[in-house]
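The structure under discussion appears below in the form of structure tokens.
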2 protein chains.
Amino acid sequence: MKKISESTVRRLSLYLRFLQEASDGGLDTISSDELAQRGGTTSAQVRKDLSFFGSFGKRGLGYSVPELLRQIQEILGLSRSWKVALVGAGKIGSALFSYRDFQLRGFHIRAVFDTDPTKVGAAWGDLTVRDDGEMDAALREQGIDMVIVAVPAEAAQGVVDRVVKAGVRAILNFAPIRLRVPSSVALRNVDMTVELEGLSFALINR
Amino acid sequence: MKKISESTVRRLSLYLRFLQEASDGGLDTISSDELAQRGGTTSAQVRKDLSFFGSFGKRGLGYSVPELLRQIQEILGLSRSWKVALVGAGKIGSALFSYRDFQLRGFHIRAVFDTDPTKVGAAWGDLTVRDDGEMDAALREQGIDMVIVAVPAEAAQGVVDRVVKAGVRAILNFAPIRLRVPSSVALRNVDMTVELEGLSFALINR
DNA sequence: AACAGCTTGTGAAAACATTCACAAAATAAA
DNA sequence: TTTATTTTGTGAATGTTTTCACAAGCTGTT
Ligand SMILES: NC(=O)c1ccc[n+]([C@@H]2O[C@H](COP(=O)([O-])OP(=O)(O)OC[C@H]3O[C@@H](n4cnc5c(N)ncnc54)[C@H](O)[C@@H]3O)[C@@H](O)[C@H]2O)c1
Ligand SMILES: NC(=O)c1ccc[n+]([C@@H]2O[C@H](COP(=O)([O-])OP(=O)(O)OC[C@H]3O[C@@H](n4cnc5c(N)ncnc54)[C@H](O)[C@@H]3O)[C@@H](O)[C@H]2O)c1
């Protein structure tokens, strides 16, 4: 299969979101142009993005909202549910844990780990925060698909090495550090400092 | 001035971080190749990125760590301090508020707003959570440079319209929605669902 | 059945970003 | 001083992504 760019995948996520809104609004067809306007892109871009995966539209008409919704969910792997573990039960960890949108889209947090004895044992929803030492075995036993890393930067690489060794192949990292992972592991970083610095640059350059 | 790409700016942020580490480690020169390896890029890329802004290195030697540190801070606008307001004193808002890295890099949260009467009036550090109704005037009075939007998606566009009208020209958005802003306003989105969906796509495509 | 009005799907062109490759400059050693 | 070694800065080459532009296909109308 042809290599799909990261920007295409990001845009598919956005299209999916608009389709959901359109669907909630009772709309049943949508054109590439409408999709584009909502996403701040062009209709040609929308069509090109979709064309990597097939032809889902009807000329003269546009796309069937429920049909395209289903197709993009399929493409992105969202028709199944994913088992997620959260490492680091701190401030950002707890915000993420209670974030309903994740559940809603099929990302289910099934385990939470921390090293802090004052946090281990705490009840979080229907889970218990477990000791970090149990992580390696638990990831395998529970068949965890993805790990969210929300530990301090100094601890992050160590955690990730163990996570990778345990066979997990997708990681979402919140620590402000460039993690090293084998190329077989998918890694995304959420780096808020980089975003703020980008804004700073924009402010002084106009 | 030539247009600088967003990827270049992102990488500058990363270089800055490595330079800080190098500086803390007592290193006083660094080569484009060392910088590249830490950032998962190539030495040519590092040199090209820097070349948009000047020549900071010495052939045969590399870059002076403190000098390049200062230069990149200057380029990114980090030699001054920025006044930031936080809108939405919820779970993610409170995590962000207590995030020390922001302060450390010159982003100072100077005001927090919320609509919820049970939150308004609460003491957050040396600030008081203020009523959302006071926001428009306060942004101007305090000379706020940037706003962090951490309100529910439904409320985000409304908040942003007011923020823009109040003259703020940089926004960091956490709500899972595509905000519309005039092109004179810099906008960055932190969209965790998009990242998770990217991981999902990666998992089913190898 | 033919025509008018739209919108898709897609090669080709244009714009943009990364990598290559090497002359130029700096240092240190002979 | 000359030579060997290192690493920058940068045009040119290559690779990637976006935009353009239009034939092909679908619907509804006459
Ligand atoms: N708070 C924010 O808004 C924010 C924003 C952006 C990035 N981050 C980053 O996210 C990470 C967490 O930030 P936070 O504010 O939640 O910090 P925090 O101190 O509140 O939480 C970190 C948690 O990780 C736990 N921990 C430490 N080592 C561990 C290990 N080896 N295994 C498991 N758990 C371990 C700690 O006990 C603590 O509970 C940091 O890297 C931070 O830079 C935070
Ligand atoms: N919690 C997370 O981990 C997380 C992760 C990613 C994105 N987000 C997004 O961040 C936003 C906030 O999420 P949260 O979990 O903190 O929700 P939350 O409900 O805890 O907080 C939202 C806060 O915004 C306030 N608010 C509502 N309308 C407002 C207005 N017009 N002006 C000012 N304040 C207003 C509410 O009173 C509440 O205190 C949401 O858009 C959410 O989708 C949250």
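Below, chain A is the first sequence line, B the second, and so on; all start at residue 1.
The nearest whole Å value for the distance from the NZ atom in A:Lys48 to the C1' atom in D:dA21 is 12 Å. Going from atom NZ of B:Lys58 over to atom C1' of C:dA26 covers 9 Å, rounded to whole Å. Straight-line distance from the CD atom of A:Gln71 to the C1' atom of C:dT8: 15 Å, rounded to whole Å. When the C1' atom of D:dT18 is taken as reference, atom CD of B:Glu6 falls 16 Å away, rounded to whole Å. Going from atom CG of B:Leu61 over to atom P of C:dA28 covers 7 Å, rounded to whole Å. For B:Tyr63 and D:dT6, the OH to P distance is 18 Å, given to the nearest whole Å. When rounded to the nearest whole Å, the span between CG of A:Asp49 and P of D:dT16 equals 17 Å. Atom pair A:Phe56:CZ and C:dT10:P shows a separation of 11 Å (rounding to whole Å applied).
Formation of a donor-acceptor pair under 3.5 Å by the A:Asp114 side chain with backbone atoms of A:Ala89 is found in this model. Under a 3.5 Å cut-off, the side chain of A:Ser55 and the backbone N or O of A:Ser51 do not form any donor-acceptor pair.
For A:Glu34, the salt bridge (charged side-chain N to carboxylate O under 4.0 Å, His left out) criterion is met by no residue, not counting sequence neighbours. Scored by the side chain to side chain donor-acceptor pair (under 3.5 Å) test, A:Arg130 finds A:Glu134, A:Gln142 as partners (sequence neighbours excluded).
Across the interface with DNA chain C, nearest-nucleotide mapping of A:Gly60 and A:Ala44 shows A:Gly60 to be the residue nearer the 5′ end. When each of A:Ser5 and B:Ser32 is assigned the nucleotide of DNA chain D with its nearest heavy atom, B:Ser32 is the one assigned upstream, toward the 5' end. If you find the closest nucleotide of DNA chain D to A:Arg47 and to B:Ser55, the one lying nearer the 5' end belongs to B:Ser55.
Contact check, A:Ser51 against C:dG9: no side-chain N or O comes under 4.0 Å of OP1 or OP2. Residue A:Gln45 has no polar side-chain atom (N or O) positioned under 4.0 Å from OP1 or OP2 of D:dT17.
The base of D:dT8 lies close enough to the side chain of B:Arg59 for a donor and an acceptor atom to sit less than 3.5 Å apart.
In the displayed structure, B:Arg100 atom CZ is contacted under 6.0 Å by at most 12 heavy atoms of other residues, nucleotides or ligands.
When distances are taken from the side chain of A:Ser31 to each of C:dT19, C:dA17, C:dT7, the shortest belongs to C:dT7.
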